[in-house]
Amino acid sequence: MTANAIDILKAKLDADNFARLQRLGNARLNAFILDSIELCRPAEVMILDDSPEHVRLTREKALETGEELPLTAEGHTVHWDGPADQGRDRERTRYLVPEGQTLSKALNQMERQAGLDEVRGLLEGAMQGRTMIVRFLTLGPNNSAFSVPCVECTDSWYISHSLDLLYRGGYEQFARMGEEEEFFAIMHSCGKMDDRMVSAEPDKKRIYIDHTTDTVYSVNTQYAGNTVGLKKLALRLTIRKADREGWLAEHMFLMGVKGPGGRKTYMAGAFPSACGKTSTAMLPGEEIIGDDIAYFRAVDGRCMAVNAESGIFGIIQSVNDKDDPGIWDVLTKPGEVIFSNILVNDRKPYWLGMGQEVPTEGENFSGQWHKGKTDANGAKIPPAHKNARYAVTLKALATCDSELDNPAGVPLEVVVYGGRDAYGYVPVQQSFDWDHGIVAYGASLETETTFAVIGQEGQFEINLMSIQDFVAIPLGKYVKNNLDFGHKLTKRPLVFGVNYFLRDAQGAFVNGVRDKHVWIKWMELRVHGEAGARETPTGMIPLYDDLKRLFRQTLDKDYSREDYVNQFSLRAPENLAKIGRVTEFHRAHSEGVPEVLFEILKQQKARLEQAQAKFGDRISPECFGKK
Ligand code: GTP
Ligand code: SPV
Ligand code: MN
C-alpha cells in the first residue's frame, strides 16, 4: 500500500488538497492519511496548512457545525463535552504493547493486536458524512532540536480549533523535514454525536496508544485531554523518545520569576493535574512560558527548557479577578477563547468560584440546567463542571515571556515538585542536592486525586514526578533518567518541594492561595545566594525573617511567627509513615530503580528518627540550626 498511497490519495482528494499534501512528500505520512481515510470513510478530506485562511476556516466551521456556540464577547465560544466525558479517562486510555512485553506495572496497558482490533473496529466508518481535517503541528518551538512534528486527523472542528490555540503550526516543519524524521500521528473521531454535537456513545470511548508506530487512536470522545493528541497522549510517546535520545519530557509549568534589580530566573514545576501548575505560572508580575508540558535538554552543561505547547487548556474553576488578574482579563475581554463545560446564561459564561453570583439556570454540560437539577443517580448537578476549562493562546496573556518560541529554550535554575499532601511535607523546602530532590520530592510525591481525571476524588496515591500516568518506560528507568540528567549538567538547577495543600488538625489549609508567590520569590533568592535556610531532616526551609520580609514585599501582608511555626513545624510521624509508603511503592513498582533511591530514603528516615528522639513528634522550625 505504501508505495502507491500517493496515487490512491490523488483520486480521493481535490486538486488543492492534494497539492498541499504532495508538497510534503512523505511516504509514511501519506500511508497514515490514506489509512485514516479508508478506515474512517469521511465524506471529504481537508488538508490544512497554517495559513490565516485555514485558521479562520477552522473557527468558522466549529460554529457552523455547532461544536462551538458563540458567546456575547467577540471571539468567545463555548463547547460541550458529554456528562461522561469531563476529564482524562485513565481507565479507557491504554498503552498497546506487543505480546510478551510489559512496560511498567503502573501503566494501564493491553496486548497490542487485541487493542488495535478493538479501537480500529470502533473507528471503522466513524467519520461518515463528516469532513476529515488533517492538521500539522509541532511540539516544542519550530526549527529547534526540541521540535517534534505531529499530524492529527480528526472529524472535529473544535479539536482543529483547539490545536490552533494550543500548539505551533507545523506544516512548514513537515515540508522542510526529511522522510526519515520521526513524527507522531493521531487519528481521532467523535463517533456518533447527539443533537448537541456531543459524542453519544461514551461506553465505546477508547484512547489507545501504539508506541510501535508512534500512533494514537481516539474515538467516541471529545474532551480535549482525550482527543487533542498532542497533550498527554503524545506525552506518553515523547517520554520514550526522550529516553532514547537522552533528554527529559515533563508534566511541568515553565516561568520566569523576577528578582532584585530586574533579573529573571527560570523555574519549572511538576504538580499533578489540578494541583497548581497554571495558577503558579500565572502569578501576577512574573512571566509565563508554559503551564503543562516542558522539555529539558543538557546543552553545554546547562539545563535548557522549552514549553512543548504554545497555549493553555486551563481549569477555570476559582479563576477570579483578585487572585488571577492576568487570565481574568483574557477571559472577560474580546479575543479568542474557547470555554468548555461552563454555565451559559444569556450567552454569557459563568463558572464556580468566579467571585460573582452565578445564575440559577442556563445551559451546561448536562443540557438545560436549573438549580436543584439532579443526574440519573439523584446527585445534584453543579452549575458548571469543576473541570470546566478555557483554551487560549499564551500570547493573549500580557505576562507571556518573550522567549516562548526561542528554539534554544531558556536556562533553567529551579525545578519544583508538589502535590496535594495534606499531612506530610512543609509548604516549601530545598533539597540538599539534585539526587535528594529527585528522590525525596519528585519520586516521593504523594497526592490526593482530583476532578481532572474521571474517577473518585480525594484518594491518596503516589504520583511520581506528577507524571506517573504517562510514563511509558519502566518507572525505575524514568527515575534513573532524571537522576542521570542532573549529572550531565555542570550548573544544576536547585530542586525544591512545595506543598500548597498542607492542613491543620481541624482540616483547614494552613496557607492562602497567594502564599505560593512568596515561596517562589524565596527560591529565586536561594538561586542567587541571597536568603538563608534552616537544615531539617527533610530539606532546607526558609528563615522567618526572610519570609516576613517577602510576605510584605510580595503580598503586602503581615506574616506572624505563629504562622511560621504552624506551617513549618516538622511532622515526624507523618513523614516517617510517608517514607514507609514510598519505599514500599518503589520496591513493588520501580523495576531497575537505582539503589541510591533506597539509600536516600533510608538516610532521611534516620535523620527523622533522630530528630524525633530529640525533640518529639512535632518539631518547631526554630529547633533546627541555620545553614
Ligand atoms: P492541569 O491543567 O489539570 O494540569 O492542572 P494545574 O496543575 O495547572 O492546576 P491549576 O493551577 O489550574 O489549579 C487547579 C486547582 O487548584 C484550582 O481549583 C485552584 O483553585 C486550586 N489551587 C491552586 N493553588 C492553590 C493553593 O495554593 N491552595 C489551594 N487550596 N488551592 C489551590
Ligand atoms: C491534566 O489533566 O493534567 C491537564 C488537562 O492538563 S488534560 O488535557 O486533560 O491533560
Ligand atoms: Mn496537566
Side-chain angles (χ1 to χ4, degrees), residues 81 85-90 93 159 162-163 165-167 207 218 221-236 250-255 269-283 288 290-294 307-309 311-320 322-324 327 340-341 351-355 384-391 416-422 427-428 445 447-455 457 463 465-470 498-503 507-520 555 567:
D81 297 301
D85 198 18
Q86 292 288 319
R88 268 193 294 109
D89 198 321
R90 237 187 205 176
T93 304
I159 303 302
S162 301
L163 288 168
L165 287 172
L166 302 179
Y167 299 95
I207 306 126
S218 165
T221 169
Q222 289 165 305
Y223 175 72
N226 300 325
T227 56
V228 170
L230 281 77
K231 252 200 178 296
K232 302 310 179 337
L233 307 173
L235 181 58
R236 292 170 171 90
E250 298 298 321
H251 189 198
M252 288 191 184
F253 72 76
L254 183 58
M255 72 188 296
F271 312 157
S273 304
C275 293
K277 288 182 300 301
T278 309
S279 18
T280 304
M282 280 186 188
L283 283 169
I288 181 168
D291 81 323
D292 203 42
I293 302 171
N307 179 9
E309 312 181 291
I312 304 183
F313 178 56
I315 296 170
I316 201 166
Q317 175 175 229
S318 299
V319 170
N320 63 73
K322 192 165 57 51
D323 295 331
D324 317 276
I327 189 68
S340 48
N341 309 317
W351 57 89
L352 306 173
M354 70 190 293
H385 198 275
K386 283 184 185 178
N387 199 30
R389 292 192 180 236
Y390 57 85
V416 192
Y417 294 101
R420 291 189 185 239
D421 177 357
V428 62
L445 202 144
T447 197
E448 264 174 77
T449 52
T450 65
F451 51 78
V453 175
I454 294 175
E457 264 180 61
N463 183 346
M465 277 83 160
S466 307
I467 203 172
Q468 198 165 304
D469 282 359
F470 319 124
V498 295
N499 183 10
Y500 300 164
F501 301 92
L502 186 67
R503 293 176 191 267
F509 290 123
V510 303
N511 290 106
V513 294
R514 293 286 296 276
D515 294 4
K516 54 168 81 67
H517 208 161
V518 171
W519 314 150
I520 64 158
L555 303 178
Q567 293 163 10

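Start at 1 and go down the list; that is how both ligands and their atoms are numbered. Counting begins at 1 with the first residue of the sequence.
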- Query: Can you name the N, O or S atom of His251 that is closest to the Mn ion (ligand 3)?
  - Reply: NE2
- Do the side chain of His251 and the main chain of Ser466 share a donor and acceptor less than 3.5 angstrom apart? yes
- Query: When the ring centroid of Phe271 is compared with that of Phe253, is the distance short of 6.0 Å?
  - Reply: yes
- Item | Amino acids in close contact with ligand 1, where any non-hydrogen atom sits under 4.0 angstrom away | His251, Pro272, Ser273, Ala274, Cys275, Gly276, Lys277, Thr278, Ser279, Asp292, Ile315, Gln317, Ser318, Arg389, Arg420, Tyr500, Phe501, Phe509, Val513, Lys516
- Whether Asp292 has an N, O or S atom under 2.8 Å from the Mn ion (ligand 3): yes
- Carboxylate-amine/guanidinium contact Arg236 Asp469, below 4.0 Å: no
- Item | Distance, nearest 0.5 Å, that separates CG of Leu165 from CD1 of Ile312 | 11.0 Å
- Heavy-atom check, side chain of Met255 versus side chain of Ile520, under 4.5 Å: yes
- Task: Taking the side chain as every heavy atom from C-beta outward, state whether Ser273 and Asn387 have any pair of such atoms under 4.5 Å apart.
- Result: no
Which protein N or O atoms sit under 3.5 Å from any N or O of ligand 2? Give atom names and distances.
from     : atom 1 : to     : atom 2 : distance (Å)
ligand 2 : 2 (O)  : Arg88  : NE     : 3.1
ligand 2 : 2 (O)  : Arg88  : NH2    : 3.0
ligand 2 : 2 (O)  : Ser273 : OG     : 2.9
ligand 2 : 3 (O)  : Arg88  : NH2    : 3.3
ligand 2 : 3 (O)  : Lys232 : NZ     : 2.9
ligand 2 : 3 (O)  : His251 : NE2    : 3.3
ligand 2 : 3 (O)  : Ser273 : OG     : 2.5
ligand 2 : 6 (O)  : Lys232 : NZ     : 2.8
ligand 2 : 6 (O)  : Asp292 : OD1    : 3.1
ligand 2 : 6 (O)  : Asp292 : OD2    : 3.2
ligand 2 : 9 (O)  : Tyr223 : OH     : 2.9
ligand 2 : 10 (O) : Arg88  : NE     : 3.0
ligand 2 : 10 (O) : Lys232 : NZ     : 2.7

- Is Asn226 close to Arg88 at the side-chain level, that is, under 4.5 Å between some pair of heavy atoms? yes
- Message: Consider side chain to side chain contact (heavy atoms under 4.5 Å, CB included). Of Gln86, Gln222, Arg389, which one does Ser340 pass it with?
- Response: Arg389
- Min side-chain heavy-atom separation Phe313-Asp292 under 4.5 Å: no
- With side chains defined as the heavy atoms from C-beta onward, is the minimum distance between Leu233 and Ile207 less than 4.5 Å? yes
